[in-house]
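Positions are given from 1 along the sequence. Each ligand, and each atom within it, is numbered from 1 in the order the structure gives.
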Amino acid sequence: MQLPSVLVLNGPNLNLLGTREPAVYGSETLDDVANRCREAGARLNLAIDFRQSNAEHQLIDWLHETRTQVAGIVINPAAYTHTSVALADALTAVEKPVIEVHISNVHQREAFRHHSFVSAVASGIIVGCGTQGYVLALERMATLLSTQSAKKGAQ
Ligand code: DQA
């Protein structure tokens, strides 16, 4: 049987993880985070499709392209969190469970980071847990997906 696939999407500047403001975002690189996600996926029986783009349209196009194949989405929209109605609309259109992740505690930071367009669309939000937040998000996604499939089985 095919494993449920989870799209792990990363927004702008996250390609610079490890060198970008390490006091805020830590010293792990995005490759380290991808490896952590793949390890968690292997443990949780999820296939991980890990991607990053600096372009809003690319993130939206990936959501459109993969929408029939993915079971759920873990997303760190980075700065688009606070600006992008288009990304929130795309996440709504996909109609799959979404977990929003932020490495830093955005609520301890500038006021413009306190609002998220994505949160209204998300089943859950993990904030300020460092890169471990991605693993926590995948654990939550595994729970949501198994509850969903148990419900389907009971119908
Ligand atoms: C971030 C928080 C955002 O405010 C910021 O623009 C980022 C990263 C985080 O992971 O903490 O790029 O999403």
Side-chain angles (χ1 to χ4, degrees), residues 4-44 46-67 69-145:
S5 168
V6 178
L7 181 62
V8 182
L9 269 191
N10 294 277
N13 302 305
L14 290 169
N15 53 311
L16 298 181
L17 268 190
T19 54
R20 173 195 181 201
E21 300 180 77
V24 177
Y25 298 113
S27 57
E28 274 184 39
T29 66
L30 194 64
D31 278 347
D32 295 332
V33 178
N35 287 334
R36 260 176 183 260
C37 287
R38 289 189 192 108
E39 275 164 30
R43 173 168 59 82
L44 298 164
L46 299 172
I48 304 298
D49 184 351
F50 191 96
R51 305 185 191 196
Q52 187 275 334
S53 177
N54 294 324
E56 188 177 18
H57 73 88
Q58 179 64 84
L59 297 166
I60 293 169
D61 285 347
W62 281 337
L63 285 167
H64 293 181
E65 280 162 23
T66 60
R67 75 185 190 284
Q69 299 122 51
V70 298
I73 298 144
V74 168
I75 184 164
N76 182 346
Y80 293 141
T81 310
H82 319 298
T83 63
S84 182
V85 174
L87 187 59
D89 281 352
L91 288 163
T92 306
V94 169
E95 295 183 323
K96 297 287 163 66
V98 173
I99 309 283
E100 177 183 354
V101 174
H102 297 287
I103 297 167
S104 65
N105 182 350
V106 284
H107 299 289
Q108 279 179 346
R109 302 180 64 194
E110 303 95 320
F112 67 83
R113 294 185 205 275
H114 299 177
H115 179 260
S116 164
F117 284 104
V118 171
S119 294
V121 178
S123 306
I125 306 160
I126 296 171
V127 169
C129 297
T131 51
Q132 188 189 3
Y134 287 80
V135 175
L136 299 174
L138 288 169
E139 284 170 355
R140 179 63 186 159
M141 184 61 74
T143 304
L144 290 175
L145 295 179

Item checked: Value rounded to 0.5 Å, distance of CD1 in Ile75 from OG1 in Thr81 ->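 Here the interatomic distance stands at 7.5 Å.
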
Item checked: Phe117 side, atom CZ; Glu100 side, atom CD - distance, nearest 0.5 Å ->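 So the CZ of Phe117 and the CD of Glu100 are separated by 12.0 Å.
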
Next item on the list: Assess whether ring-ring contact (aromatic ring centres under 6.0 Å, His included) is satisfied between His115 and His82, documenting all intermediate values.
Entry: CA-CA 6 Å; His115 179 260; His82 319 298; 8.2 Å; no

Note to self: Strictly under 4.0 angstrom, heavy-atom based: which residues surround ligand 1?
What the structure shows: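 Ligand 1 pocket, heavy atoms under 4.0 Å: Arg20, Tyr25, Asn76, Ala78, Ala79, His82, His102, Ile103, Ser104, Val106, Arg113.
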
Check: Just checking, any donor-acceptor pair under 3.5 angstrom between side chains of Asn10 and Tyr134?
Finding: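 Yes, side-chain donor-acceptor contact under 3.5 Å.
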
Next item on the list: Count the heavy atoms belonging to other residues, nucleotides or ligands that lie under 6.0 Å from CZ of Arg36, then report whether that count exceeds 12.
Entry: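 More than 12 within 6.0 Å, yes.
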
Next item on the list: For atom CD of Gln132, decide whether the heavy atoms of other residues, nucleotides or ligands shown that lie under 6.0 angstrom number more than 12.
Entry: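 Atom CD in Gln132 is not packed in, count stays at 12 or less.
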
